[in-house]
Visitor: 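Handing you a structure now.
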Amino acid sequence: TALPISWNPLNDELLIKEVNMKPGETPQGELYYDVKLAKEYIQTKLTKNAPEWLANYPWLTPLFTSLTNCSQKSCKIPGTNIELGEPTRIVQQLPRAISYRFWVHQGFTVYDLEFAHVVNDDYENIATACQDVVDLVTEYANKKEYPMSLALEMRFMSDSKSYLCPAVVGNGKPAGDSIKVAYVEVLALGSLQTRPKWVEFAQRVAEKWMAVDGVKPLPHWGKASELPATPQFVKYLWDNNGENMQNFLDQLEVSGADPDRIFFNEYLETVLNNPSKL
């Protein structure tokens, strides 16, 4: 079972999608997906220039997030409309139930920041992580600024045994299905005009998340581009996932794979360099 949840800024409505197909259920037919694909194509074409629109007319951002919230219900996350307090149940095969967008290559660029958090028994730390974002969105909105122009999203799942996977969440923490993890992310439309304000916002979110007590969250490597490899950030990673990072480097050396580090870049070279050995 996977449970993706999406919250659109300045639109107090949550979209919750449970991926849990029960035995014996019949999934949707091809006509359903043909209609869904057409909806996605129309939405993609209509919103392709949205980053430039909102960069020039930022006061339109609340309206845009409301409209995207509506379109998500019919395109990206079908089956989440709530009627009379009951969720609409749409049965889909798993490969088609995920939030894959066929036309995404024709759409707009998205900026993204995501961390994996261990879920405490009372879920209070996840609620706090989300509230941190809500508070920052409100602070910026009071100044008529909207750096997070898409959504706050989270996905609940079990942890990982992969050394560099952020779902390891903890230096040497044993992996197992009993450990629940929440990936929490913030997203914005990609525009060079609005990027400086987005980077500022994303780094403030990261600072709040990394300052929590207990097991520290770890960044999603593919979505950490707003976090420069400063000595402070590198130390944070090694303090909270150093054993796994060193295990990865040791296994890489033993395997003989990529001896010339062609799959490395300057960022990885810096982040994977143990600061205690400098």
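Remember, predicted model here, so these are calculated numbers, not experimental data.
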Visitor: Report yes or no: does Gln193 contribute a side-chain atom to a donor-acceptor pair with the main-chain N or O of Glu52 at less than 3.5 Å?
Guide: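 No; judged by distance alone, with no hydrogens or angles, the pair does not exist.
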Visitor: Would you call Tyr111 and Phe201 a side-chain contact if the rule is heavy atoms closer than 4.5 Å?
Guide: no
Visitor: Hey, any chance Leu136 and Val212 share a hydrophobic cluster, counting ILVMFWY side chains that come within less than 4.5 Å of each other, even indirectly?
Guide: no
Visitor: Considering only heavy atoms from C-beta outward, does the side chain of Leu164 approach that of Asn244 to under 4.5 Å?
Guide: no
Visitor: Answer yes if the side chains of Gln246 and Asp250 hold a donor-acceptor pair under 3.5 Å, and no otherwise.
Guide: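 A pair is found: one side chain offers a donor N or O, the other an acceptor, under 3.5 Å apart.
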Visitor: Can you confirm whether Phe156 sits close enough to Lys180 that some side-chain heavy atom of one is under 4.5 Å from a side-chain heavy atom of the other?
Guide: no
Visitor: List the atom of Ala182, the atom of Ile126, and the distance in Å for their closest heavy-atom pair.
Guide: CB-CD1, 3.7 Å
Visitor: Mark yes or no for whether Asp112, through its side chain, and Glu185, through its backbone, hold a donor-acceptor pair below 3.5 Å.
Guide: no
Visitor: With sequence neighbours excluded, give me every salt bridge (charged side-chain N to carboxylate O under 4.0 Å, His left out) pair touching residues 198-215.
Guide: Glu139-Arg204, Lys197-Glu200
Visitor: When hydrophobic residues are tied together by side-chain contacts of less than 4.5 Å, even through go-betweens, does Met245 share a cluster with Phe263?
Guide: no
Visitor: Main chain of Phe233, side chain of Thr230: is a donor-acceptor contact present, judged purely on distance under 3.5 Å?
Guide: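 Yes.
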Visitor: Testing the basics here: between Glu253 and Arg261, what is the closest heavy-atom pair and its distance to 0.1 Å?
Guide: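 Shortest heavy-atom contact: OE1-NH2, 3.9 Å.
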Visitor: If you look at every heavy atom in Pro51 and Gly190, which pair is closest and at what distance?
Guide: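 Smallest heavy-atom distance, with atoms named: CB-O, 3.2 Å.
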Visitor: Is there any salt bridge (charged side-chain N to carboxylate O under 4.0 Å, His left out) pair reaching into residues 119-133, and which pairs are they, with sequence neighbours excluded?
Guide: none
Visitor: Going only through I, L, V, M, F, W and Y residues with side-chain contacts under 4.5 Å, is there a path from Tyr57 to Leu63?
Guide: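 Shared cluster, yes.
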Visitor: I'd like to know whether NZ of Lys143 has more than 12 heavy-atom contacts from other residues, nucleotides or ligands below 6.0 angstrom.
Guide: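 Yes - once you tally the heavy atoms of other residues, nucleotides and ligands closer than 6.0 Å, there are more than 12.
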Visitor: Which heavy atom in Trp198 sits nearest to a heavy atom in Pro147, and how many Å separate them?
Guide: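 Trp198 and Pro147 have their closest heavy atoms at CE3-O, 3.5 Å.
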Visitor: Between Asn273 and Glu269 (side chain of the first, backbone of the second, donor and acceptor by atom type, cut-off under 3.5 Å), is there such a pair?
Guide: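 Answer holds: no.
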Visitor: So does Ala116 get a backbone contact from the side chain of Trp209, meaning a donor-acceptor N/O pair under 3.5 Å?
Guide: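 Not confirmed, Trp209 side chain does not pair with Ala116 backbone.
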Visitor: Grouping I, L, V, M, F, W and Y whenever their side-chain heavy atoms are under 4.5 Å apart, do Leu189 and Trp59 come out in a common cluster?
Guide: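 As far as the 4.5 Å side-chain criterion goes, Trp59 and Leu189 are connected within one cluster.
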Visitor: If you define the side chain from C-beta out and look only at heavy atoms, does anything of Pro219 sit under 4.5 Å from Met210?
Guide: no
Visitor: Between the side chain of Thr61 and the main-chain N/O of Pro58, is any donor-acceptor distance below 3.5 Å?
Guide: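 Yes, because the side chain of Thr61 sits within donor-acceptor range (under 3.5 Å) of the backbone of Pro58.
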Visitor: Hey, are the side chains of Met148 and Tyr140 touching, using non-hydrogen atoms and a 4.5 Å cut-off?
Guide: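 A side-chain contact under 4.5 Å is absent here.
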Visitor: Listed by chain and number, what are the side-chain contact (heavy atoms from CB on, under 4.5 Å) partners of Ile262, not counting sequence neighbours?
Guide: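 Residues passing side-chain contact (heavy atoms from CB on, under 4.5 Å) with Ile262: Asp258, Asp260.
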Visitor: Can you say whether the rings of His117 and Phe115 are parallel (under 30°), tilted (30 to 60°) or perpendicular (over 60°)?
Guide: tilted
